[in-house]
Amino acid sequence: MTVESALKPFRVMAYIVGCMLLVLVTGMVLRYGFDIPGPSQIISPIHGFLYMVYLVATINLGLKARWSWGYILGVMLAGTVPFLSFYFERKVTDRVHAQVAAA
């Protein structure tokens, strides 16, 4: 599996995790702001599972692209801040495309 083939699962998971994180924040606002716990009880485990898949996709891409562990960790943490995974998805995609073009 090449760097380019590892990029696609990462991109898909970055978008999915970013969207699910926004849904999770909405669920948490409903739970703690309006005392409606139902949505967050459903959303939380789904988001947790999808975040784990995102972590695997990030490590896979990072190892294939030969990133430093610090950069890999930073990209992994980007999935924990709303909207940041969208920014890092674009940044990582540009970085991988530049790396492939240079090779």
Checklist line | Side-chain heavy atoms of His47 within contact of Leu21, under 4.5 Å | finding: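 Result yes, sub-4.5 Å side-chain heavy-atom pair found.
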Next item on the list: Measure the shortest side-chain to side-chain distance between Ser44 and Leu24 over non-hydrogen atoms and say whether it is less than 4.5 angstrom.
Entry: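 Of all side-chain heavy-atom pairs linking Leu24 with Ser44, at least one is under 4.5 Å.
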Next item on the list: May I have all residue pairs that pass salt bridge (Lys or Arg N to Asp or Glu O under 4.0 Å) and include part of residues 37-56, sequence neighbours excluded?
Entry: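 Not a single pair qualifies under salt bridge (Lys or Arg N to Asp or Glu O under 4.0 Å).
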Next item on the list: Not counting sequence neighbours, list each pair that qualifies as a salt bridge (Lys or Arg N to Asp or Glu O under 4.0 Å) and has a residue in residues 66-82.
Entry: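 Sorted result for residues 66-82: empty, none.
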Next item on the list: Give me the other members of the hydrophobic cluster that Tyr15 sits in, counting Ile, Leu, Val, Met, Phe, Trp and Tyr linked by side-chain heavy atoms under 4.5 Å, directly or via other members.
Entry: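 Members alongside Tyr15: Leu22, Phe83, Phe86.
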Excluding sequence neighbours, so at least two apart, what forms side-chain contact (heavy atoms from CB on, under 4.5 Å) with [X]?
X: Leu7; value: Phe10, Arg11, Leu61, Val92, Thr93, Val96, His97
X: Ser85; value: none
X: Tyr87; value: Leu84, Lys91
X: Leu55; value: Tyr51, Met52, Met76

same_hphob_cluster([X], [Y]) at 4.5 Å side-chain heavy-atom cutoff:
X: Val53; Y: Val56; result: no
X: Val25; Y: Ile16; result: no
X: Leu77; Y: Phe88; result: no
X: Val12; Y: Val3; result: yes

Check: What distance do Thr58 atom OG1 and Leu63 atom CG have between them, rounded to the nearest 0.5 Å?
Finding: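 So the OG1 of Thr58 and the CG of Leu63 are separated by 10.5 Å.
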Note to self: Measuring from atom CE of Met20 to atom CE of Met13, what distance do you get when rounded to the nearest 0.5 angstrom?
What the structure shows: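 Answer rounded to 0.5 Å: 10.0 Å.
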Note to self: For Lys64 versus Thr2, what's the shortest heavy-atom pair and its separation?
What the structure shows: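 Lys64 and Thr2 have their closest heavy atoms at CD-O, 3.8 Å.
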Notebook entry, point to check: What closest approach, in Å, do Tyr54 and Ala78 show between heavy atoms, and which atom pair accounts for it?
Noted result: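 The pair with the smallest heavy-atom distance is OH-CB, 4.2 Å.
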Margin query: Donor-acceptor check, side chain of Gln99 to backbone of Ala65, threshold 3.5 angstrom: yes or no?
Written below: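 Checked: pair present.
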Item checked: Qualifying residues under ring-ring contact (aromatic ring centres under 6.0 Å, His included), relative to Tyr71, sequence neighbours excluded ->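 Residues passing ring-ring contact (aromatic ring centres under 6.0 Å, His included) with Tyr71: Trp67.
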Margin query: Which residues pass the salt bridge (Lys or Arg N to Asp or Glu O under 4.0 Å) test with Asp94, not counting sequence neighbours?
Written below: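 Expected list: Arg90.
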Scan the side chains in residues 27-36 for donor-acceptor partners under 3.5 Å anywhere in the protein, sequence neighbours excluded, and list what turns up.
from, atom 1, to, atom 2, distance (Å)
Arg31, NH1, Ser40, OG, 3.1

